[in-house]
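Read through the structure below, which is laid out as structure tokens, and then see the notes.
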Amino acid sequence: MPELPEVETVARGLQLAVAGRRIVSVTLRKTDFMDDPSAIERELPGRQIARVDRFGKFMLLRLVAERAGDEQEASSQALLVHLGMTGNLAPHFAEQPLDKHTHATFVLDDGRELRYTDARRFGRMAYLAGETLAAELLKFGADPLEVTAEEFSRRIGGSRARIKALLLDQTVLRGVGNIYADESLWSARIHPAKSGAKLKPEKLERLRTALQKILSKAIQMRGSSISDFVDAEGRPGDYQQHHRAYGREGKKCFRCGRAIKRIIVAGRSSYFCPGCQAAPRDRAGVRRKTKRKGRGRTSKR
DNA sequence: CTCGATCCCTGGACGC
DNA sequence: TGCGTCCAGGGATCGA
């Protein structure tokens with residue numbers, strides 16, 4: 001589950017490994033997670049990967065045309081890549097066999113191949129340029145590592161939605177996912193079902209600093225590998241060893257010793273300590289997980 | 001505005 | 001061994 005720290009880790013690895021390389025050719029396989037596959041096939045060959053940035057949970061491969069003076073130099077162009085749950089983007093030697101779920105191969109000018117693999121195809125890939133790119137990026141909220149106290153307070157404290165839903169909402173903050181939401185709430189001693197608007201200023205600030213500290217530490221440790229996350233060099237992260245709440249149902253809270261509980265908030269498993277993270281008095285947001293029935297897909301449309 | 005439900009997708013865990 | 005079922009989860013979408 002690549003979230004901000006994992007995506008940052010992959011982006012940094014790619015920046016070192018492929019920035020400056022030119023894309024020679026593109027081969028696509030399954031394309032149902034791509035915005036416009038033909039645009040990727042058409043626009044990428046001949047372009048150079050100028051640099052690799054992270055934007056929320058996205059990676060942006062910034063592209064430039066080969067020849068300076070080309071009219072397209074004027075507008076920005078990028079390949080936007082979201083890793084979803086199981087996505088991976090990494091350079092390979094051409095002779096390495098293809099992974100079963102390789103959906104895109106970008107042959108580079110040094111003979112290596114940048115390959116995108118994604119078993120579940122929850123990821124996203126899009127070639128965007130100019131105004132379209134700018135408009136896409138504008139949809140997302142503040143970067144949690146950069147967000148000021150004032151902006152955090154406005155975005156989180158200004159909504160009555162549950163704090164867990166707010167942290168996961170990419171239009172509020174970009175880059176936080178389930179793991180780091182739970183870890184920061186545990187750290188700040190806030191129950192996931194608490195309303196954002198009901199958080200006192202000092203709680204809000206405790207949450208912001210906890211979130212930033214946790215994300216920074218996780219980046220230092222190259223992310224959390226809880227399913228099969230590996231970075232651009234194929235190396236897993238180490239931050240999962242530092243999880244205090246996420247995935248620890250039934251285990252003792254590192255602060256108070258009570259058993260960590262798991263509930264569903266905002267449709268996601270939410271791990272918290274019932275001793276340290278007091279349930280909101282009023283609301284009924286603490287509902288037990290409801291059993292889901294009727295898994296059947298009908299027809300596809 | 002905020003909510004839950006449903007769908008997308010596959011692999012892994014588990015029960016039988 | 002193998003089949004059925006459940007679950008994981010980011011995000012889009014829809015109706016309440």
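Per chain, numbering begins at 1; letters A, B, ... match sequence-line order. Worth saying up front: this structure is predicted, and the values here are computed from it rather than measured.
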Exercise. Is the NZ or CZ atom of A/Arg255 positioned over A/Trp186's six-membered ring, under 6.0 angstrom from the centre and within 45° of the axis?
Worked result: yes

For this session: Measure from CG on A/Asp169 to P on C/dG11 and round the result to the nearest Å.
Result: 9 Å

For this session: Using only side-chain N and O atoms of A/Arg121, determine if any of them is under 4.0 Å from OP1 or OP2 of B/dT10.
Result: yes

Problem set entry | Face-to-face contact A/Phe122 to C/dG10 six-ring, under 5.5 Å, under 30° | yes

Exercise. Between atom CZ in A/Arg29 and atom C1' in B/dC9, what is the gap in whole Å?
Worked result: 19 Å

N/O to N/O distances under 3.5 Å, protein versus nucleotides 12-16 of chain C:
none

Problem set entry | CD/A/Glu131: more than 12 non-hydrogen atoms of other groups inside 6.0 Å | no

Problem set entry | Common cluster, A/Leu60/A/Tyr116, ILVMFWY with side-chain heavy-atom separation under 4.5 Å | no

Exercise. Between A/Arg21 and A/Gln48, does any side-chain donor sit less than 3.5 Å from a side-chain acceptor?
Worked result: no

Problem set entry | Five-pair end axes of the helix from B/dT2-C/dA16 to B/dC16-C/dG2 and the angle they enclose, rounded to 10° | 40°

For this session: Could you check how far CG of A/Asp99 sits from P of B/dT10, rounded to whole Å?
Result: 14 Å

For this session: Return no unless some side-chain N or O of A/Ser159 is found under 4.0 Å from OP1 or OP2 of B/dT2.
Result: yes

For this session: Would you please test A/Asp35 and A/Met125 for side chain to side chain contact (heavy atoms under 4.5 Å, CB included) and show each step?
Result: CA-CA 6 Å; A/Asp35 286 26; A/Met125 188 176 287; over 6 Å; no

For this session: Looking only at side-chain atoms of A/Arg120, point me to the closest of C/dG9, C/dG10, B/dT2.
Result: C/dG9

Exercise. For C/dC7, does OP1 or OP2 lie under 4.0 Å from any side-chain N or O of A/Ser269?
Worked result: no

Exercise. So does A/Arg162 get a side-chain nitrogen or oxygen closer than 4.0 Å to the phosphate oxygens (OP1/OP2) of B/dG4?
Worked result: yes

Problem set entry | Connected via hydrophobic side-chain network under 4.5 Å: A/Leu137 and A/Val7 | no

Exercise. For A/His101 and B/dG11, is the shortest distance between a side-chain N/O and OP1 or OP2 below 4.0 Å?
Worked result: yes

Problem set entry | Non-hydrogen side-chain atoms of A/Leu83 and A/Lys57 separated by less than 4.5 Å | no

Exercise. According to a strict under-4.0 Å criterion, is A/Lys100 in side-chain N/O contact with OP1 or OP2 of B/dT10?
Worked result: no

For this session: Please state whether the phosphate of C/dG9, meaning OP1 or OP2, lies under 4.0 angstrom from any side-chain nitrogen or oxygen of A/Tyr246.
Result: yes

Exercise. Between A/His82 and C/dG11, is there a side-chain N or O to OP1/OP2 distance below 4.0 Å?
Worked result: yes

For this session: Determine, for A/Phe93 and A/Arg112, whether the Lys NZ or Arg CZ falls below 6.0 Å from the six-membered ring centre while staying within 45 degrees of the axis.
Result: no

Exercise. Any side-chain N or O of A/Gln170 under 4.0 Å from OP1/OP2 of C/dG10?
Worked result: no

Exercise. Mind checking whether A/Phe254 and A/Leu185 sit in one hydrophobic cluster, side chains of I, L, V, M, F, W, Y counted as touching below 4.5 Å?
Worked result: yes

Exercise. Below 4.0 angstrom from OP1 or OP2 of C/dG11, is there any side-chain N or O of A/Lys57?
Worked result: yes

Show every donor-acceptor pair shorter than 3.5 Å between a side-chain atom in residues 263-275 of chain A and any protein atom, with sequence neighbours excluded, or say none if there are none.
from	atom 1	to	atom 2	distance (Å)
A/Ser269	OG	A/Arg262	NH1	2.6
A/Ser270	OG	A/Lys164	NZ	2.7
A/Ser270	OG	A/Arg268	O	3.1

